[in-house]
Chemist: 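Take this structure first; my questions come after.
Every number for a ligand or one of its atoms is a count from 1 in the order of the listing.
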Amino acid sequence: MDTTTLPSRNVAVLGATGSIGSSALDLIARHPGRLRATVLAAGSNVAALVALCRSHRPEHAVIADQACFTQLRDALAEAGLATQAHAGSAALDALVAGDACDTVVAAIVGAAGLSSTLAAAGAGKRLLLANKESLVLAGALVIAVAEASGAQIVPIDSEHNAVFQCLGSRQAGAQVRRIVLTASGGPFRGRSRASLETVTVAQAVAHPKWSMGPKISVDSATLMNKGLELIEAAHLFNVGRERLDVLVHPQSLVHSLVEFIDGSTLAQLGLPDMRTALSVGLGWPQRIDSGVAGLDLLRHGTLEFEAPDLDAFPCLRLAWSALESGGAAPAVLNAANETAVSAFLQGKIGFLAIPALVEDALAAHAHAPAGSLEALLAADGLARHFSQGWIHRTTTGQARSA
Ligand code: NAD
Ligand code: MG
């Protein structure tokens, strides 16, 4: 494959041990002359991070958990690697903003990714943005910081990457009538709300089309993922709620659609493999080999589309209304959802408690101040505190009645 026209990139992969991180590293390894992983960062899994350092030989490795620093440093030395060890989010932000990288794959899960996303945006890096929660929490700020520094954001979420490809940029402008995000419908598509009462964690994370981390898999099962993506799209493409729509498409081959004022609709299609979106991020405006096969529509057969069921999946309705409310509502929605999903994954609450908790958190805190990063982080903290209390009351209530 001829990559001579692809500019050289020094890439920081944040969330390197995760699903997106491993797709990004696969892609980087396919273009050894041009792409280098220079910074690898992960949450707390030192062994997995060191294994990646053995294969990719980065200059720096960062573990979020400060308590793991010595273990990381010693393991890198034992492996005979020259990779420098770092720990904590301040160290990560400094590396992201510094000379070690020109390109950042932001693939940490949750609001924990906001700080490094902002660091990359502020330092004018090419920002391959997978961490949708940072846009839901503080999207206006992330976009403003990127615009001020000249950072180029390429959306990596497959739907937003599809829209980016259809537009050729992040500018929707007045010629776009509507952006339609497609949704697979998740593992529970077609089920009634009542039948979801007893679903298990294993059923919820078994996504029919995509292989992803546990949090986004649960978000896909509740349809909160599509709700977060509506808010993400509003920021990335500067469009209001009235120009956004959701269409369920179970085959997950049409990744999203853009309708223009002349009646044309452009869509991006491809196999459900995140390496396509990541290769757009690394190569844009060029196309580079991603290792993903082309689409054989004859073999795949019929493409189906249906409206989302907001009764069975109230998280999507809650996200629509948080987008309409604006202010702190999206931050509260995101924080309550992260806390609820974590409790669900730990077996503490049931599946239907996720929307119930998010709805109560929004009712309690959606009107918190939202005029600055500090205010948004305070709203995030309030919503997490509220949600922990809600979960505690629910679990102790269950214990009493058992
Ligand atoms: P994952 O759970 O597989 O990986 C998460 C990564 O984040 C891990 O490397 C983990 O170590 C790291 N991490 C967690 N907490 C951290 C912290 N405090 N500091 C530093 N690192 C931390 O998740 P994923 O599926 O790869 O998703 C990552 C992000 O990309 C999410 O925001 C998700 O919504 C988004 N996304 C993922 C997909 C997908 O196909 N997996 C698609 C679209 C968007
Ligand atoms: Mg998506």
Chemist: Does atom CZ of R54 have more than 12 heavy-atom neighbours from other groups under 6.0 Å away?
Modeler: no

Chemist: Check if K215 has a non-hydrogen atom at a distance under 4.0 Å from any atom of ligand 1.
Modeler: no

Chemist: Evaluate the side chain to side chain contact (heavy atoms under 4.5 Å, CB included) criterion for residues L76 and E78: first the C-alpha distance (whole Å), next the side-chain angles of each, then the deciding distance (0.1 Å), finally the verdict.
Modeler: CA-CA 5 Å; L76 289 169; E78 263 167 48; over 6 Å; no

Chemist: Can you list the atoms of ligand 1 that are under 4.0 Å from a heavy atom of A130?
Modeler: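 Those qualifying, in numeric order: 30 (O), 32 (O), 35 (C), 36 (N), 44 (C).
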
Chemist: Report the atom name of the nearest N/O/S atom of E229 relative to the Mg ion (ligand 2).
Modeler: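 Atom name of the closest N, O or S in E229: OE2.
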
Chemist: Charged N to carboxylate O under 4.0 angstrom, E338 versus R384?
Modeler: yes

Chemist: Quick one: does any side-chain atom of R9 pair with a main-chain N or O of L282 as donor and acceptor, under 3.5 Å?
Modeler: yes

Chemist: Identify, by atom number and element, the atoms of ligand 1 in contact range of N131, meaning under 4.0 Å from any of its heavy atoms.
Modeler: 32 (O)

Chemist: Identify the closest protein heavy atom to atom 15 (N) of ligand 1: which residue and atom is it, and at what distance?
Modeler: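 Nearest protein contact, heavy atoms only, for atom 15 (N) of ligand 1 is I108 CG2, 4.2 Å.
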
Chemist: Answer with side chain, backbone, both or neither: which part of I20 has a heavy atom less than 4.0 angstrom from an atom of ligand 1?
Modeler: both

Chemist: Mark up the atoms of ligand 1 that fall under 4.0 Å of a heavy atom belonging to G18, in ascending order.
Modeler: 1 (P), 3 (O), 4 (O), 8 (C), 9 (O), 26 (O)

Chemist: Provide, to 0.1 Å, the distance between atom 14 (C) of ligand 1 and the closest protein heavy atom, together with that atom's residue and name.
Modeler: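 Ranking protein heavy atoms by distance from atom 14 (C) of ligand 1, first comes V109 CG1, 3.9 Å.
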
Chemist: Atom 8 (C) of ligand 1: which protein heavy atom is closest, and how many Å away?
Modeler: T17 OG1, 3.5 Å

Chemist: Looking at atom 3 (O) of ligand 1, what's its closest protein heavy atom, distance included?
Modeler: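 Here the closest protein heavy atom is S19 N, 2.9 Å.
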
Chemist: Side chain to side chain contact (heavy atoms under 4.5 Å, CB included) for V96 and V39? Distances and angles first, verdict last.
Modeler: CA-CA 8 Å; V96 162; V39 179; 5.8 Å; no

Chemist: Should the heavy atoms of other residues, nucleotides or ligands under 6.0 Å from CG of D99 be counted, would the total exceed 12?
Modeler: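 12 or below, so no.
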
Chemist: Which atoms of ligand 1 are found less than 4.0 Å from any heavy atom of A64?
Modeler: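 In order of number, 17 (C), 19 (N), 20 (C).
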
Chemist: Check the pair F351, T200 against side chain to side chain contact (heavy atoms under 4.5 Å, CB included), reporting the backbone distance first and the verdict last.
Modeler: CA-CA 8 Å; F351 188 74; T200 64; over 6 Å; no

Chemist: I'd like to know whether ligand 1 has N45 as a neighbour, heavy-atom separation below 4.0 Å.
Modeler: no

Chemist: I need the atoms of ligand 1 closer than 4.0 Å to a non-hydrogen atom of A16, numbered in the order shown.
Modeler: 9 (O)

Chemist: Nearest protein heavy-atom contact for atom 33 (C) of ligand 1: which residue, which atom, what distance?
Modeler: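 The closest heavy atom on the protein side is I216 CD1, 3.9 Å.
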
Chemist: Just to verify, which of K125, R170, R126 counts as forming a side-chain hydrogen bond (donor to acceptor under 3.5 Å, both in side chains) with Q152?
Modeler: R126

Chemist: Centres of the F188 and F313 rings: under 6.0 Å?
Modeler: no

Chemist: More than 12 heavy atoms of other residues, nucleotides or ligands under 6.0 Å from CD of E306: yes or no?
Modeler: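 Above 12, so yes.
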
Chemist: Do me a favour and list the nearest non-hydrogen protein atom to atom 25 (O) of ligand 1 with residue, atom name and distance?
Modeler: G213 N, 2.8 Å

Chemist: Just to verify, which of N334, D219, N225 counts as forming a side-chain hydrogen bond (donor to acceptor under 3.5 Å, both in side chains) with K132?
Modeler: N225

Chemist: Measure the distance from atom 28 (C) of ligand 1 to every protein heavy atom, then report the residue, atom name and distance (to 0.1 Å) of the closest one.
Modeler: A107 O, 3.3 Å

Chemist: With heavy atoms under 4.0 Å as the rule, classify the contact between K132 and ligand 1 as side chain, backbone, both or neither.
Modeler: both

Chemist: Ion pair present between D26 and R275, side-chain N to carboxylate O less than 4.0 angstrom?
Modeler: yes

Chemist: I'd like to check whether G43 has a polar contact with ligand 1, where a contact means an N/O of the residue lying under 3.5 Å from an N/O of the ligand.
Modeler: yes

Chemist: Provide the number and element of each atom of ligand 1 under 4.0 Å from a heavy atom of E133.
Modeler: 31 (C), 32 (O), 34 (O)

Chemist: Under 6.0 Å between ring centres: does that hold for W210 and H255?
Modeler: yes

Chemist: Using a 3.5 Å cut-off on N or O atoms only, is P214 in polar contact with ligand 1?
Modeler: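 Checking ligand 1 against P214, no N or O pair falls under 3.5 Å apart.
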
Chemist: Heavy atoms, side chains only, cut-off 4.5 Å: are I231 and L333 in contact?
Modeler: yes

Chemist: Parallel, tilted or perpendicular, judged at 30° and 60°: which one describes the rings of H86 and H60?
Modeler: tilted

Chemist: What is the name of the N/O/S atom of D157 that is nearest to the Mg ion (ligand 2)?
Modeler: OD1

Chemist: Judged by non-hydrogen atoms, does G21 sit under 4.0 Å from ligand 1?
Modeler: no

Chemist: Among all protein heavy atoms in this structure, tell me which lies nearest to atom 44 (C) of ligand 1, with the distance rounded to 0.1 Å.
Modeler: D157 OD1, 3.6 Å

Chemist: Does any N or O of ligand 1 fall below 3.5 Å from an N or O anywhere on A112, backbone included?
Modeler: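 No, since none of the N or O atoms of A112 sits under 3.5 Å from an N or O of ligand 1.
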
Chemist: Report the name of the N/O/S atom of E159 located nearest to the Mg ion (ligand 2).
Modeler: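 It is OE1, the N, O or S atom of E159 closest to the Mg ion (ligand 2).
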
